[in-house]
Number of protein chains: 2
Amino acid sequence: MKELSPKQKAILKYVQGFIEKKGFPPSVRDIQGACKISSTSVVDYNLGLLERGGFLRRAAEVARGITLGAKAGPPQRPGILAVPLLGAIAAGAPIPVPEADTWRSAHEETVEVPEAMVRGKDEVYALRVKGTSMIDALINDGDTVLIHFQKSADRGDMVVAWLKDEKETTLKKYYPEDGRVRLQPANSTMKPIYVDRNNLEILGRVVGVIRDL
Amino acid sequence: MKELSPKQKAILKYVQGFIEKKGFPPSVRDIQGACKISSTSVVDYNLGLLERGGFLRRAAEVARGITLGAKAGPPQRPGILAVPLLGAIAAGAPIPVPEADTWRSAHEETVEVPEAMVRGKDEVYALRVKGTSMIDALINDGDTVLIHFQKSADRGDMVVAWLKDEKETTLKKYYPEDGRVRLQPANSTMKPIYVDRNNLEILGRVVGVIRDL
DNA sequence: ACATATGCGGAACGTCTGTTCTATTCTGCT
DNA sequence: AGCAGAATAGAACAGACGTTCCGCATATGT
């Protein structure tokens, strides 16, 4: 094997990151999804090549039996995640959007969160809340919100909603209704607002809130 | 869980050794075989107890999803703390009070928090919020609050206040005034309440809030 | 151009593995 | 003794997961 193909590099990098973040190795299908590979057989095939090259080892027939080989791998530190702190979120401004290389490159600032708070999810980042406009979501000035970047949401999810006409960012629970969308504050004593579906852009899902007093 | 049973010690030891030796976590049946346990359900049962005790973590529905927890292993992870979860806090009930040995033994569940949230303080414990009565403190049902046990507070601190006459627990900002005490909700749009100094008992100070969605 | 090797796609198979359910035994307490 | 809760057994279920097979596309060498 002369050199690693782009696909193999991606796989190796993903495996390294996965082990570091979660503490256990990824499955073939984890790799398939993350590296956008069309078939598990392709993953298996390339893993075989990587194994022959000494980049990793595989235990036969066991789930998640991948181990980093002699040629790869920083020591793993499970349990804690350094989530990139991308910036601030405020009522009158759109939120910073993660770039493709956000999770790879180094950052000015990170927030440490317990891995349990981000259970399972990938591509989570943090934003610092500025101002008291999110009070109806039970979120105060200075809080840190953990966002999972996604363009759609399930009914009832707390989402980062961008209201195009109003040019306003808000955190609300998402309830699609026919033609429009009901945005319900987490504080159930407060009234929902209704917006046209086309006026709403979902920027992410709120997976956690941290308040440090 | 007063102390680890022999079986639990064996499981924990085996998991540690397995990960160190093989590089990935064991399956439930690996543990069953090695520790001579008769049923996978017993392994599952004990793993659940170990997880609640903070000795390890498990990814749900994932093969070999075990990782060593905050309390386990000599490889203590820097930056993360296992805070004892003493119970629940609700409007109509006093909060559980920590015992002398609370911070030494594995008596109860734990919550992992970033060390930065507990900056310097010792004797911090966690309570799970039941009900929506703390809404005016921007705290919702299901949130986890981190409490520093103390009987007094500085002006402006967010405290756990026990109102003796009303037999009620509440979270408010503490502002002593002559003769009485003003308890100010964190949500500054809401009105404060005033209580007699003798009617108030401070049960602790709120140092952080974690909301996992 | 032909044969060969390499890599990719899609699907299916069989096992591995976590989880759950119910029944039974053990343990501590009154 | 009697009861309640903790712990254990055994089995079965539902997915997760590695592996394999076959067909097809693209290089590579002669």
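To find a chain, count down the sequence lines: A is the first, B the second, and so on, and within it residues start at 1.
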Taking all atoms of both residues into account, what is the closest heavy-atom pair of [X] and [Y], and its distance?
X: A/Ile147; Y: A/Gly204; answer: CG2-CA, 4.0 Å
X: A/Arg64; Y: B/Ala63; answer: CD-O, 2.9 Å
X: A/Asp196; Y: A/Gly179; answer: OD2-O, 4.2 Å

Legend entry - Given C/dT17, C/dT20, C/dA11, the nucleotide with the shortest approach to the side chain of B/Ser27: C/dT17

Legend entry - CD1 on B/Ile135 to CD1 on B/Ile139, rounded to 0.5 Å: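 Output value for this atom pair is 10.0 Å.
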
Legend entry - Reported CZ-to-NZ distance for the pair B/Arg205 and B/Lys151, which is rounded to 0.5 angstrom: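 So the CZ of B/Arg205 and the NZ of B/Lys151 are separated by 15.5 Å.
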
Legend entry - Heavy atoms from other residues, nucleotides or ligands near CD of A/Glu201 exceed 12 (cutoff 6.0 Å):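 Atom CD in A/Glu201 is packed in, count exceeds 12.
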
Inset, instruction - Evaluate whether atom NZ of B/Lys164 has more than 12 neighbouring non-hydrogen atoms of other residues, nucleotides or ligands under 6.0 angstrom away. - result: yes

Inset, instruction - Consider only side-chain N and O atoms of A/Thr170 and A/Lys172, and report whether a donor and an acceptor are under 3.5 Å apart. - result: yes

Legend entry - Modelled atom types, side-chain donor and acceptor of A/Thr67 and A/Arg57, under 3.5 Å: no

Inset, instruction - Verify, without hydrogens or angle tests, whether A/Asn46 (side chain) and A/Val43 (backbone) share a donor-acceptor contact under 3.5 angstrom. - result: no

Legend entry - Residue list, salt bridge (charged side-chain N to carboxylate O under 4.0 Å, His left out) with A/Arg58, at least two apart or on another chain: A/Asp44, A/Glu51

d([atom1], [X]; [atom2], [N]) in whole Å:
X: B/Gln32; N: C/dT19; atom1: CD; atom2: P; result: 15 Å
X: B/Arg64; N: C/dT19; atom1: CZ; atom2: C1'; result: 16 Å
X: A/Arg29; N: C/dA11; atom1: CZ; atom2: P; result: 13 Å
X: A/Glu61; N: C/dC16; atom1: CD; atom2: P; result: 7 Å

Give me the distances for all protein-to-nucleotides 7-9 of chain C N/O pairs that come in under 3.5 Å?
unit_1	atom_1	unit_2	atom_2	d
C/dG7	OP2	A/Tyr45	OH	2.2
C/dG7	O5'	A/Tyr45	OH	3.2
C/dC8	OP1	A/Lys7	NZ	3.2
C/dC8	OP2	A/Asn46	ND2	3.3
C/dG9	OP2	A/Ser38	OG	2.3
C/dG9	O5'	A/Ser38	OG	2.6
C/dG9	N7	A/Ser41	OG	3.4

Inset, instruction - Going by the salt bridge (Lys or Arg N to Asp or Glu O under 4.0 Å) test, name the single residue among B/Lys130, B/Arg211, B/Arg128 that passes it with B/Asp143. - result: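 Of the listed residues B/Lys130, B/Arg211, B/Arg128, the salt bridge (Lys or Arg N to Asp or Glu O under 4.0 Å) partner of B/Asp143 is B/Arg211.
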
Legend entry - Of all pairs that satisfy ring pair (Phe, Tyr, Trp, His ring centres under 6.0 Å), the ones with a partner from residues 12-51 of chain B, not counting sequence neighbours: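 Ring pair (Phe, Tyr, Trp, His ring centres under 6.0 Å) check on residues 12-51 of chain B returns B/Tyr14-B/Phe18, B/Phe18-B/Phe24.
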
Legend entry - Side-chain N,O (B/Arg58) to OP1/OP2 (C/dG18) below 4.0 Å: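 Indeed not, no polar side-chain atom of B/Arg58 lies that close.
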
Inset, instruction - Starting from the 5' end of DNA chain D, give me the residue, A/Ala63 or B/Thr40, whose nearest nucleotide shows up first. - result: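 Final value for this comparison: B/Thr40.
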
Legend entry - chain A contact limits on DNA chain D, taken 5' to 3' with a cut-off of 4.0 angstrom to heavy atoms: D/dC17 to D/dC21

Inset, instruction - Starting from the first five and the last five pairs of the helix from C/dA1-D/dT30 to C/dT30-D/dA1, work out the angle between the resulting helix axes, to 10 degrees. - result: 30°

Can you tabulate the close N/O pairs, meaning under 3.5 Å, that link protein atoms to atoms of nucleotides 22-29 of chain C?
none

